[in-house]
Amino acid sequence: SCGCILAELLTSRPILPGTTELNEISLIFKLLGTPNKKIWPSLSSLPLSHLVDNYNTHNGAQEYSNLRKTIINGVEGTTGVVVSDECLELLNGLLTFDPIGRMDIKSSPVACDMLLLPGLGELDNFANDYQTGGKQKHCGTQMETIKS
C-alpha cells in the first residue's frame with residue numbers, strides 16, 4: 001500500500017481505481033505485468049495461483065511493467081510528472097509482487113526528493129527552521145531568517 005500511496009501523491013490520482021476485485025487485479029497486472037515464476041518463485045505454492053494462469057490464457061500475459069510509463073506519462077486525466085530514477089526504483093521496489101523480494105526499510109534506496117512531491121515544498125522551510133533555530137520569512141524571492 002505504501003507504493004500505491006506514493007504513486008498517488010506523485011500523480012494526484014488513484015493509481016489503481018478498481019471497481020471490483022477482478023477489475024482491480026486486471027489494473028494491477030496492466031500496471032506491473034502479470035506475475036510469473038521468474039519474478040515470484042513461490043507463486044505456484046499459493047492456493048489460487050491457477051487463477052493467474054487463467055487470466056494469462058484469457059487476456060495474454062504481460063511480462064513487463066508499465067509503472068515508469070504510467071508515472072512519467074500520467075494516469076488517466078493527468079499529465080506526467082518528472083521523477084528521479086531513485087524515486088521510480090523506490091516505487092518499483094514497494095510494488096513488487098513477491099513479498100520476499102519486496103523492498104523494505106533495510107533494502108530501500110535513497111528516498112526520492114520530497115520537494116518533488118506535490119505540496120511538500122514547505123518541508124524544506126521546516127528543515128531550515130530546525131537547522132537555524134529561527135523562523136523563515138519569505139519576502140518575494142528573498143528569504144530572511146528571524147531568530148526567535
Side-chain angles (χ1 to χ4, degrees), residues 1-132 135-136 138 140-143 145:
S1 63
C2 290
C4 289
I5 292 168
L6 179 57
E8 291 172 3
L9 285 170
L10 290 167
T11 62
S12 300
R13 294 278 185 163
I15 194 77
L16 298 167
T19 54
T20 66
E21 288 178 358
L22 187 57
N23 179 240
E24 186 72 19
I25 290 170
S26 178
L27 291 173
I28 292 168
F29 290 173
K30 286 178 183 174
L31 180 65
L32 303 175
T34 50
N36 57 52
K37 291 180 183 180
K38 181 180 176 184
I39 63 169
W40 193 354
S42 62
L43 175 65
S44 60
S45 68
L46 299 176
L48 299 175
S49 65
H50 66 281
L51 295 177
V52 174
D53 294 331
N54 290 348
Y55 180 90
N56 289 340
T57 301
H58 290 94
N59 300 293
Q62 178 180 311
E63 297 190 17
Y64 55 89
S65 171
N66 283 313
L67 183 61
R68 176 179 293 271
K69 184 174 104 177
T70 300
I71 297 299
I72 292 173
N73 294 336
V75 293
E76 184 178 331
T78 67
T79 57
V81 294
V82 177
V83 295
S84 67
D85 287 339
E86 292 84 6
C87 187
L88 287 168
E89 181 183 346
L90 177 63
L91 272 172
N92 195 47
L94 292 171
L95 294 172
T96 297
F97 282 116
D98 185 0
I100 293 171
R102 193 173 302 135
M103 187 176 292
D104 59 18
I105 192 69
K106 294 175 186 171
S107 63
S108 65
V110 176
C112 57
D113 186 352
M114 293 298 286
L115 296 178
L116 294 175
L117 297 176
L120 295 179
E122 291 302 312
L123 286 178
D124 189 42
N125 298 332
F126 177 80
N128 288 335
D129 285 350
Y130 181 80
Q131 290 172 353
T132 62
K135 295 182 179 179
Q136 301 292 330
H138 298 277
T141 58
Q142 297 178 351
M143 189 184 324
T145 302

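Values below: all heavy atoms of this structure, side chains included; hydrogens, waters and symmetry mates excluded.
- Contact between C4 and L95 at its shortest, heavy atoms only, is N-CD2, 3.8 Å.
- Rounded to the nearest 0.5 Å, atoms CD1 (I72) and CG (N66) are 11.5 Å apart.
- A pairwise comparison of heavy atoms in G93 and T96 identifies O-OG1, 3.3 Å as the closest pair.
- Judged by distance alone, the side chain of S49 and the main-chain N or O of S45 form no donor-acceptor pair under 3.5 Å.
- To the nearest 0.5 Å, the span separating CG on L94 from CD1 on I5 amounts to 10.0 Å.
- To the nearest 0.5 Å, the span separating SG on C87 from CG on D85 amounts to 10.0 Å.
- Sorted by first and then second residue, the ring pair (Phe, Tyr, Trp, His ring centres under 6.0 Å) pairs with a member in residues 3-27 form an empty list; sequence neighbours excluded.
- E8 and R13 make their closest contact through CG-O, 3.1 Å (heavy atoms, listed as atom of the first residue, atom of the second, distance).
- Pairing each heavy atom of I71 with each of L91, the nearest pair is CG1-CD1, 3.9 Å.
- Here R102 pairs with nothing under the salt bridge (charged side-chain N to carboxylate O under 4.0 Å, His left out) rule; sequence neighbours left out.
- Residues forming a side-chain contact (heavy atoms from CB on, under 4.5 Å) with I39 (at least two apart in sequence, or on another chain): N36, F97.
- Annotation: side-chain contact (heavy atoms from CB on, under 4.5 Å) contacts of I100 (sequence neighbours excluded): D98.
- When all heavy atoms of V52 and P35 are compared, the pair lying nearest together is CG1-O, 3.7 Å.
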Atom pairs and distances, donor-acceptor, side-chain atoms in residues 18-34, under 3.5 Å, two or more places apart:
unit_1	atom_1	unit_2	atom_2	d
T19	OG1	N23	OD1	3.4
T20	OG1	N23	N	3.0
N23	OD1	T19	N	2.9
E24	OE1	G18	N	2.9
S26	OG	Y55	OH	3.4
T34	OG1	N56	OD1	3.3
T34	OG1	Q62	N	3.2
T34	OG1	Q62	O	3.3

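- The shortest heavy-atom contact between M103 and E89 is CE-O, 3.7 Å.
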